[in-house]
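Quick notes on the structure that follows.
Letters A, B, ... mirror the listed sequences (proteins, then strands); counts begin at 1. Heavy-atom basis, side chains included; hydrogens, waters and symmetry copies ignored.
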Amino acid sequence: MDRYEPHEIEAKWQRVWDDERAFHVPNPGPGEAAPENHWYQLEMLPYPSGPSLHMGHVLNYTMGDVQTHVRRRSGWNVLRPMGWDAFGLPAENAAIREGRHPRETIERNIETMRAQMKRLGWAIDWEREVAAHQPTFYRWTQWLFQQFVKNGLGYRKEGPVNWCPNDQTVIANEYIVDGRCERCGAEVELRQMTQWFFKTTAYADELLEYEGAEWPEKTMAIQRNWIGRSEGAELLFHVDELGMDIPVFTTRADTLFGATFFVVAPEHPFVAAHASAEAQDYARRAGARQTEDRAAETEKTGVFTGHYATNPVNGEQLPIWVADYVLMDYGTGAIMAVPAHDERDGQFAETFGLPVVQVIDDDGRLVNSERFDGLTIEEGARAIVAALEAEGRGKATVNYRLRDWSVSRQRYWGCPIPYIHCEQCGVVPVPEEELPVLLPDIEDYAPKGKPPLAQNEEYMNVDCPQCGGPARRDPDTMDTFVDSSWYFIRYVDPHNETAPWDRAVADYWMPVSQYIGGIDHATGHLLYSRFFVKALNDWGLLGFREPFARLFHQGWVQLGGTKMSKTKGNVAGPDEIIAAYGADAVRLYVLFMGPADQDMEWVPEGVEGIVRFLRRFWRVIHDVAERAPSPGERDGTLARKANETIAKVTDDVLRRFQFHTPIAAVMELVNELSSAPDAPDARVAAETAVSVIQPYAPHIAEELWTVLGHERLWEEPWPEADEALLVRETYELVVQVNGKVRDRLQVEASLGEDELVALARESEKVRSHLNGGEPRKTIVVPGKLVNFVV
RNA sequence: GCCGAAGUGGCGGAACUGGCAGACGCGCCGGACUCAAAAUCCGGUUCCCUUCGGGGAGUGUGGGUUCGAUCCCCACCUUCGGCACCA
């Protein structure tokens, strides 16, 4: 027997798979009958800003790989592609640090990571590889951007945006944590800018539904929180002396009679237009402060504006105050204040000595509300809104926390926005036949507070496609979430030069059958991708409305108690472990560490146990190949154990999505096999062990398969458990007295209840606990236990 | 404050539908091989008591349902995650 030399056999089989295009999956040709069992296995694509894969990637892609192998061998037509989220800020910042061009940095990182992936032996169809920064890809990103604009879902708007002073660009809401930029930690500022937006709010309600999508409850809850749907009413308050209306949003129209004052946000246009000088001064000071700082303040502050609003239900004059506890970007930026039934309004009233009127009693019924007295909260709200609606002073509405998606970025390394600004014609799309607008190679792409592209006259100056006059290109680039919102569709048809994809091909493979990735993308990538697919479906480009039929989140691989990440610098790469033990050991260990959806601690010494198992496995299989009779028998103890292992592995991987217990099951089988390598049924058990470990450790499995005299295990049908062998001839019957185990008996599987009870009563141990008495009650569960109650 | 998830040996964890708690692995202890060590192999390893037959306790805490609860119900504690002056 040769020694187990992982590097030799891994290189050998990787070469074979490569030469044979073993994992290439062709698309069904036009009019060709396509296999019905198709499976689109996808893991979130890596972001090649760092020079290496980390263990989180290894976990993620190995899980996908196990799924891929088991499905392939079970007869599914499996699509399993890979690509690169190559545009974006971290990559650009890394390039700046290194003093190189982002393209150089990124393409070098992609080379490294691709080599690592191949070294790990993942079953990827490399002929479908895509990268966001390649013109062949971003041509269609730009085309899609124009579709959004043409369909009214993309627009330009001036408004306050989140500006990171360190990264010198606008950043998205989900990248702000406690008022700071998640990436660099700088305090985010508000700036007035004209920006491109995608109208995610148009799909707010639909994004709350997950029809046909099997998603973790948790992820849907995060998205629901983020969307923040809130049913209520918009009510109009009239300012008599100015002859104008101010709308408010409220979820508590039932408390309208309890409104004793009225508050507008410092940024509310009413303040600048009509408030007293003192109030305007307050608003200026408050508006300059961060929302988070304002929230941290416990004391309520505010100033009376000098005007009054009329309560639409009873004509009462309510003083209008400006206060920073009311936020301009939620609802209408103005509220009716009901100090008796809202904690914040209550604090404000107390601070400024404003009146408090109770309008809901302890039983939850309306009081002091004239003709609405006695109604419940729900009835009251409905009745009051209905009454106001009849007068044109209110209507039921739904408000959302979700904002439209701001997609412009003032940085270099992204997809150019395919629009031209002409003084005569306005904002004009670059004609489709001129796409892509190529990202120019420029020398100086360091951030300077204005987009690097804006400084490049050669790029910026262009003829207007409409009037031919001088015009300027849009100097911004797109948020990288635009790229990742559709990359998974491009995979199905990656070389299409006339369209982003062929709809028939997309509809064949999609939606993604199983998506695996981090839950940190719940409010970013996963939400935007759903938005994209709903829009694309509405335009007739796709035949489905949810991109990811099933979703799974892997846990974090932690080192020293904190999650591995580039920013924390505690990234452990797979290279050293592969060099020391081989790819199969790494693959097995990442999955053996624990349940894949829970965080796990990377213990470098832990891989030793797996290595020991692999060496032992190697030895035992060789031993069996030499000593066990061939063809051998199929129904002994080992064969039955092997059969149970098949059932366990298959069920865990396919139904339970659990990857660590199958490894334990195979270890058990190998342990038993090692004590009887010459048994009549050892050969069938050995073949089973090798066959079912193949998705986890494909190289050693392939090699041992040849040792057992076979070939091409990666194409071998996945073994099926033999139902007949799963039924045990005898089993261990547990005998309890008062629910406590007192004895265990080997019994024939065919015995009926009466026979089991009779056998159990004969047990010495049981008799001593029965103390000669008759059981008051006897419970029999055939196949499991007998319980005597005394 | 609202919403969600999780608490099992020294450690990672298993127990899938209410039926043997601790599979598998790490670590540790003992033994074999060795001049010795590493590697490998064999055995042991929840805790307490024990006359070595066995007995008792035990899955965050306290209750409940049940012949029987890690699993179901109620209350609480702790940890983690999401949202949050959101009207």
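Of the side-chain N and O atoms in A:K740, one or more sit less than 4.0 angstrom from OP1 or OP2 of B:A57. The phosphate of B:A39 has neither OP1 nor OP2 within less than 4.0 Å of any side-chain N or O from A:R619. The phosphate of B:G82 has neither OP1 nor OP2 within less than 4.0 Å of any side-chain N or O from A:R401. The shortest distance between the side-chain N/O atoms of A:H660 and the OP1/OP2 oxygens of B:G12 is not below 4.0 Å. Within the 4.0 Å cut-off from OP1 or OP2 of B:G13, at least one side-chain nitrogen or oxygen of A:Q598 is found. Close to B:C41, at under 4.0 Å from its OP1 or OP2, lies no side-chain N or O of A:R612. Taking 4.0 angstrom as the limit, A:N787 places none of its side-chain polar atoms (N or O) nearer than this to OP1 or OP2 of B:U66. Proximity of A:K777 to the phosphate of B:C67: a side-chain N or O atom is located under 4.0 Å from OP1 or OP2. Contact between the side-chain N/O atoms of A:R742 and the OP1/OP2 oxygens of B:G54 is not found at any separation under 4.0 Å.
One finds a salt bridge joining A:D245 and A:R393 here, because a Lys/Arg side-chain nitrogen approaches an Asp/Glu carboxylate oxygen to under 4.0 Å. A:E668 has a carboxylate O that lies under 4.0 Å from a charged side-chain N of A:K641, or vice versa, which qualifies the two as a salt bridge. Under 4.0 Å is where a charged nitrogen must lie from a carboxylate oxygen, and between A:D652 and A:K648 at least one such pair does. Of the charged side-chain nitrogens involved, at least one lies within less than 4.0 Å of a carboxylate oxygen, so that A:E217 and A:R224 count as a salt-bridged pair.
A:D651 comes within 4.0 angstrom of a nucleotide base, judged by non-hydrogen atoms across all strands. Among the atoms of the strands shown, only primed sugar atoms or phosphate atoms (P, OP1, OP2) are found under 4.0 Å from some heavy atom of A:Q658. No engagement by A:G228 is indicated, since no non-hydrogen atom pair under 4.0 Å with the nucleic acid exists. Within 4.0 Å of A:R616, counting heavy atoms only, lie sugar-phosphate atoms of the nucleic acid but no base atom.
Shown here, B:G7 forms a base pair with B:C77; the pair counts as Watson-Crick or G-U wobble because both key distances fall under 3.5 Å. Here B:U70 sits opposite no nucleotide as a Watson-Crick or G-U wobble pair (both hydrogen-bonding atom distances under 3.5 Å).
Closest contact between the side chain of A:R656 and the listed nucleotides B:A21, B:G19, B:A15 involves B:A15. Nearest to the side chain of A:L327, among B:C20, B:G19, B:C85, sits B:C85.
Annotation: side chain of A:V611 is not in contact with side chain of A:Y4 (no heavy-atom distance under 4.5 Å).
Taking atom P on both nucleotides, B:C42 is separated from B:C26 by 12 Å, rounded to a whole Å. Comparing B:U45 with B:G7, their P atoms sit 26 Å apart, to the nearest whole Å.
In the interface, the side chain of A:K784 is not paired with the base of B:C20 through any donor and acceptor atom under 3.5 Å apart.
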